[in-house]
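See structure below.
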Amino acid sequence: MNTSVNAQEGSTTKVSSWNDFDPLKHVIVGRADHTCIPPNEPCSEAKVPEDSDMRGMWGPRPLETVEKANEQLDKLAAILSELGVKVDRPTPLQWNQAVITPDFQTGSMFGCMPPRDVLLTVGNEILLAAMSFRCRYFEYLAYEPLLSRYFDEDPDFRWEQAPRPRLSDASYKAGYFDEITEAERLKRTAELNFVTNEREILFDAADICRMGKDLFCQHGLTTNRRAMEWLQRHFPDLRIHAVNFPGDPYPIHIDATFVPLRPGLIINNPDRPLPDKQRAIFNDNDWEIVDAARPVHNSPPPLCYSSVWLSMNCLVVDHKTVIVEASETRQMDQMDKLGMNVIPIDFRDAYPFGGGLHCATADVCREGGCEDYFPKQTRYTQIKH
Ligand code: GLY
């Protein structure tokens, strides 16, 4: 399988990315091949809304939906290549295999459409996340050929793995989802009461919003406080902040909630506003947080885990250019008013495979270095004061 669409054939790899907005040079775009709907497990109820068409289903996704998703992923890769961005692709596994460890068993794996969930790029390091879903335990293997190549090509590349969790029943709160209503979900989000406990270090890379010296981590269903403590020790020169969004009944991944577009500007999901105290660090450092435009769609596509707010899950190519899903005209208009040039791309067929344009990509290289965008710190979000 060809794992690379290389706009700059022959160039060697340089791993370096400190944020989601500096000029993009090299990126990984996921693939939908063999993606499965995994069977129930302690964490998966977190992801599947009560009224979802996915309840009770599991197994390989229909082939025609895989083909349609791959068409859109390939198109995204081609457009990025035309923009001069080097694009790599993961090597899918046959995801329809059981996962068996000394601590748990589950019927299938998931897929490798959303590399953003697994790979956290911080400077010259790509850190493999300690994910809380059993079905995603071996997902990192799809990226191993790329990481191995980067290791050979970039002598400064740091290839890191967060502590592997055990994911036994002891890592989750028993009965957390029994007869849970949406109102109860919202109450628990506000109370920071999530399905994972603090026994292990657990995080998805997509819960972490990278802004130079500061990493803002969403405390939610897929990332716990212990992970933030671990990240602070792992990145001693950076500042780790805990944020949460009480309006979100499914607080999984920060990138349909809080999305920086360029230094000083963030769009925030208006149904999930950042609480005032947590806003202080942005206000004190003259960052503007604006409400994102409302999505055009009333519901996600069939068999989709995510909400309609994938409308704001955009891929920023540089401080003036952003890729937005083509049907999201309100979001595109807002981007235009905010001074961004918008590249529209059809992507809704890819949504059910693990998210939007940001989810479907992971940074390898962006221009720019580790800036201090928040020299004035407040105590409200910091993990260490
Ligand atoms: N957490 C992603 C979404 O809003 O769907």
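Only this structure's heavy atoms are used, side chains among them; waters, hydrogens and symmetry mates stay out. Both ligands and their constituent atoms are indexed starting at 1 by order of listing.
Cation-pi contact between Arg164 and Tyr137: present, with separation from the ring centre below 6.0 Å and deviation from the ring axis of at most 45°.
Side-chain contact check for His26 and Asp88: at least one donor-acceptor pair (N or O, by modelled atom type) lies under 3.5 Å.
Residues passing the ring pair (Phe, Tyr, Trp, His ring centres under 6.0 Å) test with Phe245 are Phe258, sequence neighbours excluded.
Ionic pairing of Asp103 and Arg166 is present here: one or more N-O contacts between side-chain nitrogen and carboxylate oxygen are shorter than 4.0 angstrom.
Evaluation of the salt bridge (Lys or Arg N to Asp or Glu O under 4.0 Å) test over residues 206-234, restricted to residues two or more places apart or in two chains, returns Asp20-Arg210, Arg210-Asp363, Asp214-Arg239, Glu229-Arg233, Glu229-Lys384. Applying the salt bridge (Lys or Arg N to Asp or Glu O under 4.0 Å) rule to pairs touching residues 312-339 yields nothing, sequence neighbours excluded.
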Contact table, ligand 1 N/O with protein N/O, distance under 3.5 Å:
residue, atom, partner, partner atom, Å
ligand 1, 1 (N), Ile252, O, 2.5
ligand 1, 4 (O), Arg272, NH1, 3.0
ligand 1, 4 (O), Arg272, NH2, 2.9
ligand 1, 4 (O), Ser307, OG, 2.8
ligand 1, 5 (O), Ser307, N, 2.6
ligand 1, 5 (O), Ser307, OG, 3.0

